[in-house]
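Reading through the structure tokens given below for one structure.
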Amino acid sequence: MIKFEHVSKVYTDGFKAVDSVSFEVPEGEFLVLIGPSGSGKSTTMKMINRMIPHTNGTISIDGKDITKLNPSELRRNIGYVIQQIGLFPHYTIEKNIAIVPELKGWDKEKIKDRVKELLIMVDLDPEVYGSRYPKELSGGQQQRVGVARALASDPRVLLMDEPFGALDPITRDQLQDQLITLQRKLKKTIVFVTHDMDEALKLGDRIAIMKDGNLLQIDTPEKILQEP
Ligand code: ADP
Ligand code: ADP
């Protein structure tokens, strides 16, 4: 459903961060982009929702060239989770999750039910946490809210940029397991960036290895491990 054809990104200072990359992500796949810092992972991912416009080549979603789609609509159909969760500190957890559905003009009752369902999905009791403020939650709990918020408007695609990078190993492990469960249940297409091979092998249906703006290999964890 996501297709890159010879996509490049040259930043305004002339730096080529992504160099003619081609790949496809089928519907429902969990794709992990891995590579050293500066290899072009974030740039690649951010081009999917036009947070960063690409310079050359074609990116399409369901056969539609993304440059021909309305940018706000494109973003609302793509959930986005990053390491610095960016919950609004003056909004309650419920309100933080409700923002995108509200923007979409959903019915109030429907949003309320949806927020509850999402909190349960990420293993937070809505009665306990819904009315709290972000600073009253641990880092791991806030990250769960980040995932719930990204899922709020039922996007087809979820972009995750090192979402668990700042968490302690035990919490990270729990959230990884939960994300695998969620993915199996919701069958979202996920593009997940990490520089941690263990995380990539655990989560990815396929792993794309990037270096210096190039895509070196894209394959299943089994095949990646077979490489000499
Ligand atoms: P990664 O996610 O793999 O760490 P990035 O996609 O963030 O890599 O960055 C790839 C390269 O592009 C890096 O060398 C980075 O310094 C450069 N880069 C990122 N953003 C910009 C920018 N706004 N202007 C110029 N160069 C950038
Ligand atoms: P508009 O262009 O109408 O202002 P927004 O930028 O508010 O549209 O986008 C709608 C929603 O999409 C936002 O509430 C936000 O959650 C999400 N969103 C906005 N920008 C980005 C982005 N760069 N990456 C991922 N999600 C985004």
Side-chain angles (χ1 to χ4, degrees), residues 1-25 29-61 65-67 69 71-72 74-75 78-87 139 142-143 146-147 149-150 155 157-169 172 175-176 179 183 188-221 223-225 227:
M1 78 169 307
I2 302 170
K3 188 172 186 184
F4 274 55
E5 292 167 278
H6 304 290
V7 174
S8 300
K9 174 63 189 182
V10 181
Y11 280 109
T12 43
D13 63 0
F15 185 80
K16 195 177 228 179
V18 172
D19 189 4
S20 191
V21 161
S22 301
F23 63 93
E24 279 183 59
V25 192
E29 180 171 84
F30 199 134
L31 179 71
V32 177
L33 296 182
I34 190 169
S37 172
S39 55
K41 306 181 297 293
S42 291
T43 303
T44 299
M45 194 171 68
K46 287 175 183 163
M47 288 191 291
I48 297 171
N49 70 352
R50 280 187 82 64
M51 221 180 312
I52 296 177
H54 54 287
T55 319
N56 290 110
T58 309
I59 302 174
S60 45
I61 295 187
D65 185 331
I66 63 164
T67 61
L69 299 172
S72 314
L74 177 69
R75 283 183 197 131
I78 298 180
Y80 185 58
V81 186
I82 52 171
Q83 187 171 324
Q84 301 305 330
I85 320 132
L87 297 177
Q142 288 187 39
Q143 205 52 281
V147 173
R149 182 175 62 174
V157 179
L158 208 50
L159 304 179
M160 309 186 88
D161 198 343
E162 302 212 30
F164 308 144
L167 303 175
D168 65 85
R172 190 187 314 157
L175 285 189
Q176 288 168 345
L179 184 61
Q183 153 77 352
K188 300 286 179 200
T189 305
I190 300 183
V191 181
F192 186 108
V193 166
T194 184
H195 56 256
D196 175 355
M197 188 47 108
D198 289 334
E199 184 166 63
L201 292 169
K202 179 172 172 181
L203 295 175
D205 292 322
R206 284 193 307 159
I207 298 172
I209 302 176
M210 292 197 71
K211 189 163 183 256
D212 301 332
N214 296 298
L215 184 57
L216 298 187
Q217 190 186 0
I218 177 164
D219 229 323
T220 59
K223 291 261 175 60
I224 298 271
L225 286 173
E227 286 300 296

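Just so it is clear, the values below take in all heavy atoms, side chains as well, and ignore hydrogens, waters and symmetry mates. Atoms within a ligand are numbered from 1 in the order they appear, just like the ligands themselves.
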Given side chain to side chain donor-acceptor pair (under 3.5 Å), test Thr55 with Tyr11 step by step and report yes or no.
CA-CA 8 Å; Thr55 319; Tyr11 280 109; over 6 Å; no

Applying the side-chain contact (heavy atoms from CB on, under 4.5 Å) test to Thr58, which of Lys3, Glu5, His6 qualifies?
Glu5

Sorted by chain and residue number, the residues with a non-hydrogen atom under 4.0 Å of ligand 1 are Tyr11, Asp13, Phe15, Ala17, Pro36, Ser37, Gly38, Ser39, Gly40, Lys41, Ser42, Thr43

For the residue pair Thr189 and Glu29, confirm or rule out a side-chain donor-acceptor distance under 3.5 Å.
no

Indicate whether the side chain of Ser60 and that of Asp65 have a donor and an acceptor atom separated by less than 3.5 Å.
no

Does the side chain of Leu201 come within less than 4.5 Å of Leu225's, by heavy atoms?
yes

Does the side chain of Pro71 reach to within under 4.5 Å of the side chain of Arg50, using non-hydrogen atoms?
no

